[in-house]
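Everything below concerns the one structure shown next.
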Amino acid sequence: MKKANLISIKSCLDAWNTKHQETTRLILNAHIYEYYCYDTIIRENPNVHIILAKTQKSQSKNGFIYKNNGSIYYSQHEIDLAEFDILGLDDNGKLYWWEATVGNSNELKILQKLRKKTELVSKLFDDVNFTVIVPEEREFLHDYTTMVIPPPNYEDFYKDYFELTSDMSNCWPIDELNKAAKHYDYIGEIISLSKKFFANEITEYKSKLIERLYNLDDFGKDEINYYNVRRKLYGKIITKGSKKYKVEGDETKLIEKRKATNFELRLIAKRLMGNSKK
C-alpha cells in the first residue's frame, strides 16, 4: 500500500475507543463517510481530474491550500474563507464540486455553510457543477442537486487508516485549482463595499461570505464602527491597550488574536495607509 492512499483516522478512532460517547462515534463515522465518498467520486468520474486531498502536506499561502492533514481550504492572508470536501476540474476548466454531509439535525448551520461556500465559488469560477452528497434524501436540501451514496458498514473501517482503493493516476495537484480560478481580492472587496455602505451609496448588502463592513474613516482611532452583514446590526471595535473588543448591543467579546476580525482590521489599515501615501 502506498502512503498516498492512506488517510489517518487514528485520533477519531482513539477518541471513540476511549470515551465511547455518541458524539465521538458520529465524528468518526462522518470522517469515514467523507473519505468513502471521496474514493467513490474518483472512481466514478474518470473524465474529471479530482484534486488530490486528504493525504497532502499542509501549505501556507493564498488561494487554495492544504491544511489539517490535507483538507482543501481557500485562504487569503491567513483568513480561511472556506473548506471544501471534493473538488475537480475537467480539461476545459469547469469546476466540479461535491460536499458530503451526514448531518440532518442542524439544518440551518449546514445551509449557511453551503451558501457561504457557494458565494465564494461563484467569485472564482464561471462554470461550476455542484452536488451535495448525502447518505439518504434530505428534504431541507431541496434547493441543491443531491446525490445519494449509501453509507458503508462503518465498523468495517474502524482501523487506524482509511485506505483509498480507486485509481488516482488521473488526479491533479492543488496548483491546478489556483491556475484555473479567477483573481479574487477579499480585503479589497470589503474596503470597496465599506466605502459604499457608510457613504449611503448602498443601504443593504447581503452576504454569507463577508461578515462585516467597516467605517473606514474610523481607522487609526480607538473605536471603529462596523455593520454586521449577517445579523443586520451595527457594532464597534474598541481598542484598549493591546487588546481589541467587539461590542454588539449589550454583548462585549474579546477578539482573539487568530480570529479573522483581527486579520481584517490589520490588512485594511495597511491598505488604507498605503493608499494615503500615494
Side-chain angles (χ1 to χ4, degrees), residues 7 9 12 22-23 25-55 64 68 70-74 80-157 162 164-168 170-172 174 176-177 180-181 206-209 230:
I7 305 172
I9 57 173
C12 293
E22 181 64 6
T23 53
R25 185 184 69 84
L26 292 176
I27 291 171
L28 173 60
N29 288 354
H31 279 84
I32 291 171
Y33 185 70
E34 180 183 337
Y35 304 149
Y36 180 79
C37 292
Y38 175 63
D39 206 20
T40 302
I41 291 299
I42 294 174
R43 183 168 55 254
E44 295 185 355
N45 292 271
N47 297 322
V48 178
H49 304 285
I50 304 301
I51 302 303
L52 291 168
K54 318 303 181 188
T55 62
F64 288 101
N68 299 334
S71 295
I72 297 175
Y73 282 75
Y74 186 87
D80 294 331
L81 299 181
E83 179 187 0
F84 297 95
D85 288 344
I86 308 169
L87 296 173
L89 294 164
D90 67 13
D91 291 328
N92 296 315
K94 180 175 182 175
L95 181 75
Y96 288 79
W97 166 32
W98 295 266
E99 286 292 313
T101 178
V102 294
N104 61 0
S105 56
N106 199 337
E107 298 177 1
L108 180 59
K109 186 175 181 180
I110 293 171
L111 289 173
Q112 287 176 336
K113 286 185 176 181
L114 290 177
R115 289 165 185 159
K116 179 181 180 180
K117 295 178 188 183
T118 301
E119 184 178 343
L120 174 61
V121 167
S122 70
K123 297 177 184 295
L124 301 173
F125 295 91
D126 292 324
D127 196 0
V128 180
N129 184 306
F130 175 46
T131 305
V132 182
I133 303 173
V134 288
E136 58 187 15
E137 292 292 349
R138 298 278 194 257
E139 178 59 31
F140 73 94
L141 294 169
H142 58 82
D143 287 338
Y144 296 93
T145 299
T146 58
M147 170 193 297
V148 174
I149 295 182
N153 182 358
Y154 288 118
E155 292 187 3
D156 290 345
F157 295 88
F162 183 100
L164 300 171
T165 58
S166 54
D167 179 5
M168 301 173 68
N170 196 42
C171 294
W172 276 358
I174 202 168
E176 296 298 327
L177 272 179
K206 296 180 180 179
S207 176
K208 295 298 180 184
L209 179 63
R230 301 176 192 173

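Positions are given from 1, in the same order as the sequence printed here.
In plain terms, the two heavy atoms of Val48 and Asn170 that are nearest each other are O-ND2, 3.5 Å. Of all the heavy atoms in Ile72 and Ile174, the pair that sits closest is CG2-CD1, 4.1 Å. Taking all atoms of both residues into account, the shortest heavy-atom contact from Ile51 to Tyr38 is O-OH, 3.6 Å. Nearest heavy-atom pair, Ile41 versus Met147, reported as atom, atom and distance to 0.1 Å: CD1-SD, 4.2 Å. The two atoms that bring Tyr36 and Pro150 nearest to each other are CE2-O, 3.6 Å, heavy atoms only.
Every ring-ring contact (aromatic ring centres under 6.0 Å, His included) that Phe157 has, sequence neighbours left out, goes to Phe162. Remark: Trp97 pairs with Phe84, Phe130 by the ring-ring contact (aromatic ring centres under 6.0 Å, His included) rule, at least two apart or across chains. In this structure, the side chain to side chain donor-acceptor pair (under 3.5 Å) partners of Ser207, at least two apart in sequence or on a different chain, are Glu119. With sequence neighbours left out, Asp126 forms a salt bridge (Lys or Arg N to Asp or Glu O under 4.0 Å) with Lys182.
Residue pairs satisfying the side-chain hydrogen bond (donor to acceptor under 3.5 Å, both in side chains) criterion with at least one member in residues 127-141, sequence neighbours excluded, are listed as follows: Glu136-Arg138. Counting only residues at least two apart or in different chains, salt bridge (Lys or Arg N to Asp or Glu O under 4.0 Å) contacts with residues 92-115 comprise Glu99-Lys117.
Tyr74 places none of its side-chain heavy atoms less than 4.5 Å from the side chain of Leu177. Tyr33 has its side chain within reach of Pro135: a pair of non-hydrogen atoms, C-beta onward, lies under 4.5 Å apart. Between Asp156 and Asn153 there is a side-chain heavy-atom pair separated by less than 4.5 Å. Contact of the Thr165 side chain with the Asp39 side chain is registered, since non-hydrogen atoms from C-beta on lie closer than 4.5 Å. Side chains of Tyr154 and Leu28 form no contact here, defined as non-hydrogen atoms less than 4.5 Å apart. No side-chain heavy atom of Trp172 sits under 4.5 Å from any side-chain heavy atom of Leu52. Side-chain contact between Lys116 and Arg230 is present, with heavy atoms from C-beta onward closer than 4.5 Å. Taking 4.5 Å as the limit, some side-chain heavy atom of Lys123 sits within range of a side-chain heavy atom of Leu209.
Rounding to the nearest 0.5 Å places CH2 of Trp98 at 7.0 Å from CD1 of Ile86. Atom OH in Tyr96 sits 13.5 Å away from atom CG in Leu87 (nearest 0.5 Å). If you take SG on Cys37 and CD1 on Ile32, they are separated by 12.0 Å, rounding to the nearest 0.5 Å. Interatomic distance, CD1 of Ile9 versus CD1 of Ile27, reported as 13.0 Å (0.5 Å rounding). Here the CE atom belonging to Met168 is positioned 10.0 Å from the CD1 atom belonging to Ile50, to the nearest 0.5 angstrom. Remark: Cys171 SG to Ile42 CD1 distance equals 4.0 Å, nearest 0.5 Å.
In Glu22, the CD atom is crowded: over 12 heavy atoms of neighbouring residues, nucleotides or ligands sit closer than 6.0 Å.
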Criterion side-chain contact (heavy atoms from CB on, under 4.5 Å) on Leu114 and Leu141, from CA distance to verdict: CA-CA 10 Å; Leu114 290 177; Leu141 294 169; 3.7 Å; yes
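Test Asn29, Ile133, Asp85, Thr101 against Glu34 for side-chain contact (heavy atoms from CB on, under 4.5 Å) and you get one pass: Asp85.
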